[in-house]
Amino acid sequence: ILSMQRADSIYFPTGAKEQFKNVIMMGEISDIQLNMLLDEEHKKQITEINPRGYGYLYEQGNRKLIRFKVSEITDEELKIIDTNIRNKMN
């Protein structure tokens with residue numbers, strides 16, 4: 001798993017993007033990021049800025065671009081998750 005705040009070209013030498021089988025893009029996606037991560041056909045499918053909780057998944061093997069929504073987690077649910085993770089790590 002590789003996670004990046006920005007998909008700048010300095011992080012993607014020639015041909016490197018072909019190594020990523022699944023790409024998740026969330027938030028506002030710049031033209032530079034689109035050029036680094038998608039081919040022309042799939043760039044045209046991104047037509048709106050993602051509001052909070054929305055994103056795109058590009059599956060290279062299937063050559064599909066899917067828009068998705070992440071379920072919202074309440075503060076109480078987040079505390080429970082955090083507690084469970086901490087307990088497992090101790």
Side-chain angles (χ1 to χ4, degrees):
I1 296 175
L2 173 66
S3 174
M4 304 179 86
Q5 186 70 20
R6 295 174 31 175
D8 291 337
S9 62
I10 60 172
Y11 302 117
F12 290 87
T14 304
K17 70 180 178 181
E18 282 79 24
Q19 302 302 314
F20 298 102
K21 301 304 178 197
N22 293 304
V23 177
I24 296 173
M25 299 168 283
M26 299 191 72
E28 187 172 344
I29 306 164
S30 72
D31 289 337
I32 292 170
Q33 290 169 318
L34 289 175
N35 288 333
M36 295 304 305
L37 298 170
L38 299 174
D39 58 28
E40 290 298 321
E41 174 189 345
H42 292 95
K43 284 192 293 190
K44 293 175 185 174
Q45 294 178 34
I46 296 182
T47 57
E48 57 188 288
I49 295 173
N50 290 321
R52 184 177 180 175
Y54 283 84
Y56 290 95
L57 167 65
Y58 175 64
E59 297 180 292
Q60 186 174 338
N62 295 328
R63 297 197 38 83
K64 283 182 161 181
L65 184 67
I66 301 167
R67 189 139 194 261
F68 66 90
K69 181 179 187 307
V70 178
S71 298
E72 293 185 29
I73 299 174
T74 65
D75 288 340
E76 187 59 36
E77 290 169 325
L78 186 57
K79 287 178 188 175
I80 292 168
I81 292 168
D82 187 52
T83 300
N84 287 335
I85 291 170
R86 289 178 188 275
N87 289 340
K88 297 292 182 185
M89 293 180 71
N90 290 329

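Just so you know, residue 1 is the first one in the sequence shown, and it goes up from there.
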side-chain contact (heavy atoms from CB on, under 4.5 Å) partners for [X], two or more places apart:
{"X": "E76", "value": "T74, K79, I80"}
{"X": "E48", "value": "Y56, R67"}
{"X": "K69", "value": "Y54, E72"}
{"X": "E28", "value": "I49"}

Inset, instruction - Only pairs at least two apart or in different chains count here, so list each ring pair (Phe, Tyr, Trp, His ring centres under 6.0 Å) that has a residue in residues 28-47. - result: H42-Y58

Inset, instruction - Drop me the distance from L34's CG to E40's CD, to the nearest 0.5 angstrom. - result: 10.0 Å

Inset, instruction - To the nearest 0.5 angstrom, please state how far the CD1 atom of I32 sits from the CG atom of L37. - result: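 Output value for this atom pair is 11.5 Å.
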
Inset, instruction - List for me each residue that meets side chain to side chain donor-acceptor pair (under 3.5 Å) alongside R86, sequence neighbours excluded, and say none if there are none. - result: D82

Legend entry - Cluster companions of F68 among Ile, Leu, Val, Met, Phe, Trp, Tyr (side-chain spacing under 4.5 Å): I24, M26, L57, V70

Legend entry - Residues clustered with I66, ILVMFWY side-chain links under 4.5 angstrom: none

Legend entry - salt bridge (charged side-chain N to carboxylate O under 4.0 Å, His left out) partners of residues 54-63, not counting sequence neighbours, each pair once: D39-R63, E41-R63

Inset, instruction - Looking only at non-hydrogen atoms, find the nearest pair between L65 and I46 and report the distance. - result: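 Minimum heavy-atom contact is CD2-CG1, 3.6 Å.
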
Inset, instruction - Just jot down the salt bridge (Lys or Arg N to Asp or Glu O under 4.0 Å) partners of K44, sequence neighbours excluded, or say none. - result: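 None.
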
Inset, instruction - Answer yes or no: are there more than 12 heavy-atom neighbours, outside N90 itself, under 6.0 Å from its atom CG? - result: yes

